[in-house]
Student: 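What follows is a structure written as structure tokens; I'll ask about it next.
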Amino acid sequence: MNRIDTMPIQLEPGVREMMEERGIREEDIRQVLSFAEREGLFHAQKETDHRLACFTPSKVTYWVEYGREKDRYRIYSAYSHRMKILEGFNMPSKKKPEEIGWLCGKCGLALELEAVKMAYLDENFVADLPACPSCQRVLVSEEVAVGKMALAERMLEDK
């Protein structure tokens, strides 16, 4: 077991309740943190120094927004989705470029809006999402995951 796996986690107010509503366990958060910190695969928010990372242990992708402090991880949010991001197939977005405010932790580059391919059940989609222009790692915001993606997942399941 490494230091990441044993470092204390401090949940911001309301996060535990949010996790319970969304079916996210502390073990899921630790898996995300361990993967992100070990591999250096996270996004960094320029203004707040928050990090946002994901991990897909099975059919669910877990996202954690966190801060890394000297002796602990401070958790600001946690969410998930079941849509598969088909990374490496991004195309330039047709929307007007906008400042996103997140950097790729691996490449250090500002994320840009890109047309990202996704899949769920037997359906494929393209959506404009922030992604690294170099390594193409995608950022799925909480708003998108619990809003548009969750709605699309429910609609496809009801077909």
Side-chain angles (χ1 to χ4, degrees), residues 1-90 100-107 111 116-125 127-132 135-159:
M1 197 177 277
N2 63 35
R3 188 173 189 282
I4 296 168
D5 296 327
T6 59
M7 190 179 286
I9 291 175
Q10 180 175 340
L11 303 175
E12 285 293 286
V15 172
R16 183 164 309 283
E17 294 80 12
M18 177 192 313
M19 288 170 54
E20 288 175 15
E21 286 175 21
R22 296 175 176 174
I24 299 172
R25 305 166 299 161
E26 188 172 314
E27 176 185 323
D28 301 322
I29 287 178
R30 285 202 179 276
Q31 283 185 326
V32 172
L33 295 174
S34 181
F35 175 76
E37 295 293 317
R38 183 180 65 248
E39 303 295 327
L41 297 176
F42 55 84
H43 301 294
Q45 216 289 326
K46 292 183 202 179
E47 294 180 15
T48 63
D49 204 30
H50 288 191
R51 292 180 176 187
L52 183 62
C54 68
F55 182 65
T56 309
S58 61
K59 294 182 180 187
V60 176
T61 299
Y62 296 98
W63 290 84
V64 178
E65 184 175 349
Y66 66 101
R68 185 174 176 184
E69 299 174 357
K70 183 179 178 181
D71 62 343
R72 79 188 72 208
Y73 291 104
R74 184 177 304 272
I75 308 302
Y76 299 101
S77 186
Y79 52 96
S80 65
H81 61 79
R82 292 170 288 162
M83 246 182 228
K84 183 176 182 178
I85 306 294
L86 304 175
E87 294 195 27
F89 298 100
N90 302 351
I100 295 167
W102 288 90
L103 302 172
C104 176
K106 178 181 177 184
C107 302
L111 301 187
V116 175
K117 290 186 180 182
M118 299 180 291
Y120 188 65
L121 298 176
D122 293 330
E123 300 291 330
N124 291 316
F125 305 90
D128 290 323
L129 295 172
C132 176
C135 72
Q136 298 196 344
R137 284 193 54 82
V138 174
L139 182 153
V140 175
S141 70
E142 182 172 9
E143 178 183 1
V144 169
V146 302
K148 293 177 183 177
M149 289 175 98
L151 178 61
E153 290 168 359
R154 283 191 302 271
M155 287 173 52
L156 288 170
E157 290 164 1
D158 289 344
K159 268 185 150 181

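Computed from heavy atoms alone, side chains included, the values below leave out hydrogens, waters and symmetry copies.
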Student: Which side-chain N or O atoms in residues 143-150 pair as donor and acceptor under 3.5 Å with protein atoms at least two apart or in another chain?
Tutor:
none

Student: Give the minimum heavy-atom separation between R68 and Y73, together with the two atoms involved.
Tutor: CG-CE2, 3.8 Å

Student: Where the side chain of Q136 meets the backbone of A131, is there a donor-acceptor pair that is under 3.5 Å apart?
Tutor: no

Student: How long is the span from the CD1 atom in I9 to the CZ atom in R74, to the nearest 0.5 Å?
Tutor: 12.5 Å

Student: How many angstroms lie between atom CD of E27 and atom OG of S34, to the nearest 0.5 angstrom?
Tutor: 11.5 Å

Student: Would you give the length of the straight line joining atom CZ of R22 to atom CG of D28, rounded to the nearest 0.5 angstrom?
Tutor: 13.5 Å

Student: What closest approach, in Å, do M118 and A127 show between heavy atoms, and which atom pair accounts for it?
Tutor: CE-CB, 3.4 Å

Student: To the closest 0.5 Å, what do you measure between NE2 (H43) and CG (L103)?
Tutor: 10.5 Å

Student: Could you pull out all residues at least two apart from L86 that satisfy side-chain contact (heavy atoms from CB on, under 4.5 Å)?
Tutor: K84, F89, K117, A119, N124

Student: May I ask you to decide if R72's main-chain N or O and E69's side chain share a donor-acceptor pair within less than 3.5 Å?
Tutor: no

Student: Would you call E39-K106 a salt bridge at under 4.0 Å N-O?
Tutor: no

Student: First locate atom CG of L129, then atom CD1 of I85, and finally report the distance between them rounded to the nearest 0.5 Å.
Tutor: 6.0 Å

Student: Taking all non-hydrogen atoms of both residues, which atom of V140 and which atom of L52 are closest, and how far apart?
Tutor: O-CD2, 4.3 Å

Student: Identify all side-chain donor-acceptor contacts of residues 53-63 below 3.5 Å with residues at least two apart in sequence or on another chain.
Tutor:
residue, atom, partner, partner atom, Å
T56, OG1, T61, OG1, 2.7
W63, NE1, H81, NE2, 3.0

Student: Should the pair E26-R30 be classified as a salt bridge under the 4.0 Å nitrogen-to-oxygen rule?
Tutor: yes

Student: Specify the closest pair of heavy atoms between Y120 and M83, including all atoms of both residues, with the distance to one decimal.
Tutor: CB-CG, 3.5 Å

Student: Less than 6.0 angstrom separating the ring centers of Y66 and H50, yes or no?
Tutor: no

Student: Please round to the nearest 0.5 Å and tell me the distance separating atom OG of S77 and atom CD of E142.
Tutor: 3.0 Å

Student: For the residue pair L111 and C104, establish whether any side-chain heavy-atom pair is separated by less than 4.5 Å.
Tutor: yes

Student: For residues I75 and V15, report the shortest heavy-atom separation together with the two atoms involved.
Tutor: O-CG2, 3.7 Å

Student: With a 4.5 Å limit on heavy-atom distance, are the side chains of M7 and E37 in contact?
Tutor: no

Student: Looking only at heavy atoms, which two atoms of A78 and I29 are closest? And how far apart?
Tutor: CB-CD1, 4.1 Å

